[in-house]
Amino acid sequence: MSMVLAGASWPALVLAVLALGVDMGARITRWWWMLRPVQPELSWGSCARPFLASLALNNTVPLRAGDVVRIFGFQRTLQAPAAHIAGTLLLERMLDLLVLLAVLFVSVLGATVFPRAFLLVAYGAGALCLLALAAITLVPDRLTGIARAAAGRLLPGHWVTKLDPILTQLTASLSLLRSPRRAFGLVAISVVAWIMEGAVFAFALWSLHIPVAWPAAWLALAAATLATLLPSSPGYVGTFDYFASLGLTAYGAGRSAAAAFAVLAHLILWLPVTVAGFLVLLWTRRPAVPERVAGTAKTSGATS
């Protein structure tokens, strides 16, 4: 494996890092679009810092601590209630899952051997996600009513009163796709982001000169990223690398070459984002600790 890594082509690695930069820019833009209905004056740069910081923390701390910090640690910066921020993160995950499953479906068609159980679980999760998105988009008020009724049966009255505005904010963020224009924009930029992340895998494969068909890099992308949903160590070490290598061996690559590719792709994705995330945390004067939104929390009412 070390010999394969030693022969990596530097121009291809530079292109991989550039593709990763475009990928991160697209993801930050998508999140910015999700937050603007609550805070129309929110700048793109105000979203970049918490986004990169949360990824850096997810890459180094267990239990997806970065997501928790993004929800509760930057409310003053984002000028948005925590429930709305949490809803945007959930919407991100749903959009990403659907795009990744489309990539998996296309790229696995030419594979010789790939775990059938993995495919069944992935497609089952995709079907549930699609149903959830349809319900959230078409009948959000009914879902909120069901949640209120369940809370009324399980919780004391004063807790239900406190929970009601949170449910309203969460529903507002999850129903962003009700606007066809906004839905198209969010889906389109999700596709762009994953094309750029797939390019990272493709350039990593190109740099190592591994003779496999081009869909192998995309199968590695889909399998490795979906595997990060499984419990693992910080930075998804192990699960990511195993399933990324499966993407190549499914197209006939040797195990040593596939393992080298997985390590290289993982390093390209992990190192620049982690360094950038911690740099923005150190550069700013305001610490990333939980902050309260000043004044009354705004609710979503803007339309495209």
Side-chain angles (χ1 to χ4, degrees), residues 1-2 4-5 8 16 19-20 23 27 55 58-60 62-64 66-67 92-129 190-191 193-208 210-274:
M1 184 176 74
S2 58
V4 178
L5 288 172
L20 178 62
D23 173 26
R27 293 178 188 280
L55 291 184
N58 279 342
N59 284 345
T60 54
L63 303 176
R64 301 196 72 91
D67 291 348
E92 275 183 358
R93 302 297 187 270
M94 290 182 175
L95 290 171
D96 287 342
L97 178 60
L98 292 179
V99 176
L100 275 172
L101 287 173
V103 173
L104 178 66
F105 179 79
V106 174
S107 60
V108 80
L109 293 177
T112 54
V113 179
F114 199 78
R116 184 178 296 272
F118 182 89
L119 296 176
L120 291 175
V121 171
Y123 293 145
L128 291 176
C129 178
S190 299
V191 171
W194 284 109
I195 288 175
M196 289 296 100
E197 193 149 325
V200 174
F201 283 74
F203 285 130
L205 183 61
W206 177 31
S207 74
L208 296 176
I210 300 174
V212 292
W214 65 267
W218 295 90
L219 180 57
L221 160 74
T225 309
L226 288 170
T228 62
L229 298 174
L230 301 173
S232 65
S233 59
Y236 318 110
V237 176
T239 52
F240 181 98
D241 306 277
Y242 173 74
F243 283 96
S245 64
L246 277 185
L248 259 64
T249 56
Y251 275 88
R255 291 185 179 181
S256 179
F261 161 79
V263 169
L264 181 60
H266 199 172
L267 183 63
I268 295 171
L269 291 170
W270 185 90
L271 184 60
V273 172
T274 304

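Values below: every heavy atom of this structure, side chains too, minus hydrogens, waters and symmetry copies.
A donor-acceptor pair under 3.5 Å links the side-chain atoms of His266 to the main chain of Gly235, judged by distance alone.
Below 30°, between 30° and 60°, or above 60°: for Phe118 and Phe114 the angle between ring planes is above 60°, a perpendicular geometry. Between Tyr123 and Phe105, the ring planes are perpendicular. Angles over 60° get that label, and only those under 30° would be called parallel.
Taking 4.0 Å as the cut-off between side-chain N and carboxylate O, Asp96 and Arg93 do not count as a salt-bridged pair.
Under the 4.5 Å side-chain criterion, counting only non-hydrogen atoms from C-beta, Leu205 is not in contact with Trp214. Side chains of Ile268 and Phe201 form no contact here, defined as non-hydrogen atoms less than 4.5 Å apart. Counting heavy atoms from C-beta on, the side chains of Leu101 and Leu226 come closer than 4.5 Å. Inter-residue side-chain proximity for Tyr242 and Leu246 is flagged as met; some heavy-atom pair is nearer than 4.5 Å.
Residues Phe261 and Ile210 share a closest heavy-atom pair of CB-CD1, 4.0 Å. Taking both residues in full, the closest heavy atoms of Pro215 and Ser107 are given as O-CB, 3.7 Å, listed atom of the first, atom of the second, then distance. What you find for Phe243 and Ala227 is that their closest heavy atoms are CD1-CB, 3.3 Å. Between Ile195 and Trp218 the shortest heavy-atom distance is O-CH2, 3.5 Å.
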